[in-house]
Every structure is written in C-alpha cells, then in structure tokens.
2 protein chains.
Amino acid sequence: MNETKKPNKQGRIRAESELKIITAAQEEFILQGYGGATVQSIADRSGLPKANILYYFKNKENIYHAVLERTLNMWDQAIGDIDPEHGPKVAIEKFIAAKVKISFEHPGASKIYAMEIIQGAQHLKEFTRTYQRQWVREKAKLFQQWIDNGEMKNVDPVNLIFLIWSSTQHYADFETQILQIMNRADYEEDDISHVTQFLTDIILRGCGLID
Amino acid sequence: MNETKKPNKQGRIRAESELKIITAAQEEFILQGYGGATVQSIADRSGLPKANILYYFKNKENIYHAVLERTLNMWDQAIGDIDPEHGPKVAIEKFIAAKVKISFEHPGASKIYAMEIIQGAQHLKEFTRTYQRQWVREKAKLFQQWIDNGEMKNVDPVNLIFLIWSSTQHYADFETQILQIMNRADYEEDDISHVTQFLTDIILRGCGLID
DNA sequence: CGCCGCCTTGACCTGATGGTCAATAAAAAT
DNA sequence: ATTTTTATTGACCATCAGGTCAAGGCGGCG
C-alpha cells in the first residue's frame, strides 16, 4: 500500500482549491469547449488568479484530465452494476432509474463526456476500448442468457444497452433543447420520475417484459 | 435584365471554394470544437491559403454559421414531415428509418448539432425556440389524437419524440464509442437496416403498435 | 518566537491566432 | 482588346493565450 501518497489532512487547502478549479473548469469546458476555454476564464470563474490555477495544475490539459477523471468516477460510483439477481425486468428498471437520476442531477458530467466522445474520444480511447467494452460485453451476455431462457423477447442486447444509454443521457446533454421545446426554464422534481416512468414503460414493453 | 438579384449568385468558383471550406471546417469544428479549430487548420484541411478563406468568409464565426446552416438545411430536407396518412405505425416506422439513415450517412451533421446544443445552443436559440418547438408541438398533437382514438397506447408524445430523436442520433454522435465497443473500424451497410429494425421493433412494441 | 515548506500572485515572455492589406493574377463583361 | 470585376496570396499586425518566475505571504510546528 502507499502510505506517503495520501496527503488527506495535510493538504486541505490544496483539496479545496482543486475542487474549486475543477468545478469552474467543468462549466467552462462545457460552455466553451476545451479549445475555447482559457485558463484565464477558468481562473475568473473560480475566483482565483491565473497563476494560482497553474500552481495546482501543471497545464490546461491537466485540468481537463482531472475533470474527466472526476466524471468517470462519479459515473462508476452512481451506476454501479446491473443486478442480475431479480431477472431482466428489475435489472432494466434499476438501470434506467439510475441513469435518469444522474442525467438530471449531474448533467455537466454527461455533457463533458458526450463532447469528449463526439470529438473522437482522444483522451478516453483507452477507457472505452478496455473498461467499457468489457462492461457492455458482460451485460450483453447476461441479457442473452435471459433471452435464451425465454425470460424476455429476443432483442439485440448490445443495441438495447445503447438504447437505454442514449435515451437517458439525452435529458442531460440536450437539456437546453428540451427546456426550450417545453418552454420551461428548468427541470423540476417531477420530471425525473415522469421520465423514468416513461422510459421504463416503453422499453420494458418493447422487451416483452410487460404486456 | 440581370435577374441575379441576389448578390450571392456569383460564379461557380465561389461555390466550389465555399463548399471546400465548409466541408473542411465541419471536420475541423467536430475534431477541435469551435474554439479549438483555427482558421489556419481549416485552410490546411481545405488546401487553400488562409487569406483565401477569409476572402470568402468574413471571419471564423461566419464559417461556423455556414456550417450550421448547411446542417439544418440537410436535416430539414432529409427528415421532411411525419406523414399522418397511414396511422401511427407507419408514421413512426418512417420517422425512425429516416433518422437512422441520416445518422449513418451524415454523422458529421449530427455531431455539429449535438455539440452546439450541449454548449447551450448559443447560435441556435432562435431556431430551437421557434421552428423546433413548433414542429414538436405539431407532431405531439398528432400522436395525441391517435392515442385518443385508441390507435396506440397512452404514451407521452413529447417524450416519445425525444426517445426517437436520441436513440437514432446516438449512432452518429457516439460513433466512436460504439465502434470501439463493438471492436470495429467502421459501420457497414447492414448496420443501418439492423439498427432500424431493432429500434422500430422495440419502440413500436413499446407503443402497443405490434403484438 | 522563528523557521520551513506550502500558497499566492503580478509581471513577464513567447508563440500562435484572428484578421487586414495591397499587389497581382485570372475571369468576365464590354 | 480593353476594361472591370472577382480570385489568390504573402506579408504584416495587434492581441491574446499558455506557461514561467521570483518575490513575498501564511500556517503550523518545535
């Protein structure tokens, strides 16, 4: 184990500053993109002088990496695993509910991730190629077993995962568009459950898991 | 009389150069984002000297506008309207098929659009607020009538539109991720029909339009 | 207190970037 | 053929971006 590596208590100023910076940076990267965001704009948004930013992070790309890493950690922690214990219906229900929840509660994370992927996943190639591919294959195999057992209709498992993925994240990534179309200023409490209900309903029925 | 009333009915040289530029710019904007793309990089990619780019487009933002406009035109033309003549089943089938087709055939358009929306639709606020809101309301009303007539299950029409929207576009925007997960280099011919089939199947069943 | 290592920050440097210009070539129009 | 309009392009410029630095502040520990 590494004993000297964790300056938890010692670096509380550092921890606080880094959090401020990463938070400001995320907003800036979303609004302006990686190339459009400037270290100065991140500094302004975080309330720290530019040189201070560069004291905590060697350079701009470093800040971006930190933002991405935080995003992936949050996701990993929030989604967890699909629980195979109670069959496909419960598994899909839980998965959809979890994903909708993060989309509404952490839209920024989803947006950063989406932009990164759209731009070719230059900083995440390794992640998608290894970790994520593994995850999808595993879950797809699970669905396939349920299909083989006659517990659900014969739908392509991989595309099913993509469907859940895309339809849930849409509410984060396209927030702006959705709000404008619905002529609203913000999402409300009810929206999470309403959307969860809607998607669960359609997808479960689509999989032949409810009449 | 010169009925070239429009000042933009210039020569074919202009048309060709503008096309080259817009094409190169789209790729550059996707890869680097608006802020990350440089006029020089667009010049290099299009094979024209930088000063020539600025001769055809007053400035960088102008190029971006042209790219966006071309994207919207393409979409408008390719999707057309949902045809209400033959009931909800055919309408949804056609809509899904059309959207999947563009996603696979013009992924760049979808990507540009997605990035713009994610970043807050700063250049498209007017478009989404008027044109698009109108479109969605109109189609939602149509679905509602079908629901009231008992021709389809009672699913929220607006969210249904979002679902079709997101699930189809996902194959364009997240191309990189999908290909990596499926361990492939490119999409193939069959993918369009396979995905269309999959989505149509699930969504129609989800709406109670097939068994 | 007094020391030491972390923090803070204004000033500074260098290269890149958006954009202009004027001079020249190529087309079009007459 | 001559004139007029459109294209092409290298050189140039002001600004701004990322990143460095060194001088000073601060906090905790003996």
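Note that the structure is a prediction, hence the values are computed from the model and not measured. By convention in this document, chain letters (A, B, ...) are assigned in the order of the sequence lines, proteins followed by strands, and residues within each chain are numbered from 1.
Put simply, A:Y55 has a side-chain N or O that comes within less than 4.0 Å of OP1 or OP2 on C:dC7. For the OP1/OP2 pair of D:dA7 and a distance below 4.0 Å, the side-chain nitrogens and oxygens of B:R14 include at least one atom meeting the criterion.
Checking B:N159 against A:Y171 by side-chain atom types alone, a donor-acceptor pair falls below 3.5 Å. For the residue pair A:R12/A:S17, the side-chain donor-acceptor check at 3.5 Å is not satisfied. A donor and an acceptor atom, one from each side chain of A:Q177 and B:Y113, are located under 3.5 Å apart.
Rounded to whole Å, atom P of C:dA27 lies 12 Å from atom CD of B:E16. If you measure from atom CG of A:N62 to atom P of D:dG18, you get 14 Å, rounded to the nearest angstrom. A:I53 places its CD1 atom 19 Å from the P atom of D:dC21, with the value rounded to the nearest Å. The distance between atom CD of B:E28 and atom P of C:dG18, rounded to the nearest whole Å, is 11 Å. The CG atom of B:L54 sits 11 Å away from the C1' atom of C:dT17 (whole-angstrom rounding). For the pair A:K58 NZ and D:dG19 C1', the computed distance is 12 Å after rounding to whole Å. For the pair B:N59 CG and C:dC21 P, the interatomic distance rounds to 14 Å; values are reported in whole Å. Atom pair B:K20:NZ and D:dA7:C1' shows a separation of 12 Å (rounding to whole Å applied).
The cationic atom of B:K99 (NZ for Lys, CZ for Arg) lies less than 6.0 Å from the six-membered ring centre of B:W75 and within 45° of the ring axis.
Few gaps surround CD on B:E16; more than 12 heavy atoms of other groups in view lie less than 6.0 Å from it.
Closest approach to the B:K60 side chain among C:dG19, D:dG19, D:dT8 is made by C:dG19 (side chain taken as heavy atoms from C-beta onward).
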- [ ] Apply the test salt bridge (charged side-chain N to carboxylate O under 4.0 Å, His left out) to residues B:K141 and B:E138: give CA-CA distance (whole Å), side-chain angles for both, the deciding distance (0.1 Å), then the verdict.
- [x] CA-CA 5 Å; B:K141 194 182 272 183; B:E138 210 171 276; over 6 Å; no
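Less than 4.0 Å separates DNA chain C from at least one heavy atom of each of the following residues of residues 29-52 of chain A: A:P49, A:A51, A:N52.
A:M74 CE to A:E69 CD: the interatomic distance, rounded to the nearest 0.5 Å, is 13.5 Å. Atoms OH and CD1, from A:Y187 and A:I178 in turn, are 4.0 Å apart once rounded to the nearest 0.5 Å.
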Quick test: give all pairs of protein nitrogen or oxygen and nucleotides 28-30 of chain C nitrogen or oxygen below 3.5 Å, distance rounded to 0.1 Å.
{"from": "C:dA28", "atom 1": "OP1", "to": "B:R12", "atom 2": "NH1", "distance (Å)": "3.2"}

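Taking the six-membered ring where the residue is Trp, A:Y64 and A:H123 present perpendicular rings, their angle passing 60° and hence far from 30°.
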